[in-house]
Amino acid sequence: MKVATWNVNSLRVRLPHVIAWLQREQPEILALQETKVKDDDFPVREFEALGYFSTFSGQPGYNGVATLSRVRAQGASLEILGFEDLQRRVLGATFGNLRLWNIYVPNGQSVDSDKYQYKLGWLAALRTHLAAELAQHPRLLVVGDFNIAPEDRDVHDPIGWQGRVLVSPAERSALAQIASVGLTDLFRRFDQPERSYSWFDYRAGSFRRKLGLRIDLMLGSEELARACTGVRIDIEPRGWERPSDHVPVVAEFTNN
DNA sequence: ATGGTGGTCCAACCA
């Protein structure tokens, strides 16, 4: 089973990329973030034509998450338990025996902004929520744009980035707290190329110079970590015409 | 280089 995550930064603009990528990769599940499309406008039929069901939680202009799947989603949830959020950033659902949360963590803007405090509060609520989820669902997978680079090796220039939003100690600590409920960064369970990044700023020729961050993650429960046979980042779509600034991350799992 | 580019939706915000 192949599961992928991709922040598309507008599904309307990126629909041709998503379709082309789905046709090539044929994943069982693709989690999308920053769809920026309201539910009435979601391209359900376009994905149906490719053999995918769509589950989505969107709003106009910002945010929005969607999960495409070969099998129909069961029990979709659009909220972090007990956390009021007007921003559509999470989508939980069950696919067969897999429990999947597709998340778009707040960016945080800068460490001295209100948005940074919102991000830290959001992550604390997510931790509590995922602890409860894990108690109910041993086959739990949490994927999406975490907007946190877990370690310095996930950052092209750790000195230049030190202390800034996306790499700050408080954010990394919040991520470690989430992992501590029983989730592991599946990407790092395998040998990976050096300088593996999932996001490249549109500015300053970052992709051409391969200057990025690894902020798109797949966290798996113990049971799913055992079933995971590989994780890779596919940077190819970043070189396509009018790309997203993020690229897909793909994990493979055995069927048992 | 306190900039740069891109998306939403048309002024300003977000990333």
Side-chain angles (χ1 to χ4, degrees), chain A residues 5-21 30-43 46 56-66 84-91 102-123 126 143-150 154-168 170-172 174-175 197-217 233-249:
Chain A
T5 182
W6 192 4
N7 177 324
V8 290
N9 184 21
S10 167
L11 183 55
R12 200 185 317 275
V13 172
R14 234 64 69 190
L15 186 60
H17 286 198
V18 175
I19 288 172
W21 195 84
L30 174 59
L32 303 172
Q33 301 87 36
E34 278 202 275
T35 54
K36 299 184 175 179
V37 66
K38 55 182 192 284
D39 292 348
D40 287 345
D41 296 337
F42 196 88
E46 284 84 342
F56 42 85
S57 178
Q59 64 181 86
Y62 303 106
N63 308 312
V65 285
E84 297 290 327
D85 195 357
L86 294 173
Q87 304 187 18
R88 310 321 293 163
R89 294 182 174 276
V90 301
L91 178 53
N102 173 5
I103 68 169
Y104 174 45
V105 175
N107 172 280
Q109 194 170 61
S110 64
V111 295
D112 56 2
S113 74
D114 292 346
K115 294 191 183 73
Y116 183 74
Q117 295 306 320
Y118 163 66
K119 179 179 195 173
L120 294 179
W122 197 97
L123 290 165
L126 180 67
V143 308
D145 178 359
F146 281 69
N147 268 316
I148 303 170
D154 302 309
V155 181
H156 71 88
D157 175 12
I159 305 295
W161 275 84
Q162 191 164 31
R164 291 172 57 187
V165 74
L166 309 187
V167 311
S168 74
E171 290 165 87
R172 285 177 169 175
L175 179 60
Y197 310 123
S198 67
W199 170 79
F200 303 89
D201 200 308
Y202 284 122
R203 296 164 286 192
S206 299
F207 180 63
R208 179 178 48 77
R209 300 191 287 154
K210 297 293 179 281
L211 308 180
L213 304 180
R214 189 176 69 92
I215 56 177
D216 298 272
L217 310 178
I233 296 174
D234 178 10
I235 64 165
E236 193 197 301
R238 189 64 177 80
W240 294 351
E241 195 179 336
R242 215 175 171 197
S244 171
D245 46 352
H246 296 251
V247 298
V249 183

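Each chain gets a letter, A, B and so on, in the order its sequence line appears, and its residues count up from 1. Excluded from the calculations below are hydrogen atoms, water molecules and symmetry mates; all remaining heavy atoms, backbone and side chain alike, are included.
Using a 4.0 Å cut-off, no side-chain N or O of A:R242 falls inside it from OP1 or OP2 of B:dT5. In this model, the phosphate group of B:dT8 is approached by a side-chain N or O of A:S10 to a distance below 4.0 Å at OP1 or OP2.
Computed from coordinates, the A:Q87 CD to B:dC13 C1' distance equals 12 Å when rounded to whole Å. Atom-to-atom, OH of A:Y118 to P of B:dC13 comes out at 18 Å; the value is rounded to the nearest Å. Taking atom CG of residue A:L211 and atom P of nucleotide B:dG4, one finds them 18 Å apart after rounding to whole Å. In this structure, the CG atom of A:D114 is 14 Å from the P atom of B:dC13, given to the nearest Å. When the P atom of B:dT2 is taken as reference, atom CG of A:D112 falls 18 Å away, rounded to whole Å. We find that CD of A:E34 is positioned 10 Å from P of B:dT8, with the value rounded to whole Å. Computed from coordinates, the A:R12 CZ to B:dG6 C1' distance equals 15 Å when rounded to whole Å. Protein atom OH of A:Y62 is 11 Å distant from nucleotide atom P of B:dT8, rounded to whole Å.
A distance of about 16 Å separates the C1' atoms of B:dG3 and B:dA15, rounded to the whole Å. Distance check on atom P: B:dA1 versus B:dG7 gives 28 Å, rounded to whole Å. One P atom belongs to B:dT5, the other to B:dC10, and the distance between them is 24 Å to the nearest Å. Only the P atoms considered, B:dG4 is 25 Å distant from B:dC9, to the nearest whole Å.
When distances are taken from the side chain of A:R14 to each of B:dG7, B:dG4, B:dC9, the shortest belongs to B:dG7. Minimum atom distance to the side chain of A:Y202 is reached by B:dG6, of the listed B:dG6, B:dT8, B:dC14. When distances are taken from the side chain of A:R89 to each of B:dA15, B:dC9, B:dT8, the shortest belongs to B:dA15. Here the nucleotide nearest the side chain of A:K36, chosen from B:dT8, B:dC9, B:dT5, is B:dT8.
Annotation for A:E236: atom CD counts as buried by contact number, over 12 foreign heavy atoms lying within 6.0 Å.
Of all the heavy atoms in A:P237 and A:P248, the pair that sits closest is CG-CD, 3.8 Å.
Electrostatic pairing of A:D40 and A:K38 does not count as a salt bridge here, judged by no charged N lying under 4.0 Å from a carboxylate O.
Comparing A:P60 and A:N147 by the nucleotide of DNA chain B whose heavy atom lies nearest to each, the residue mapping closer to the 5' end is A:P60. Sequence order on DNA chain B of the closest nucleotides to A:Q109 and A:A204 puts A:A204 first from the 5' end.
In summary, the side chains of A:K36 and A:N9 do present a donor paired with an acceptor at a separation below 3.5 Å, with no hydrogens or angles considered. Counted by atom type alone, A:W199 and A:N7 present zero donor-acceptor pairs between their side chains at under 3.5 Å.
When both distances must be under 3.5 Å, the Watson-Crick or G-U wobble mate of B:dT5 is B:dA15.
At the heavy-atom level, A:Y104 lies under 4.0 Å from the strands shown only through sugar-phosphate atoms.
Classified by interplanar angle (parallel below 30°, tilted 30° to 60°, perpendicular above 60°), the ring pair A:Y197/A:H156 is perpendicular.
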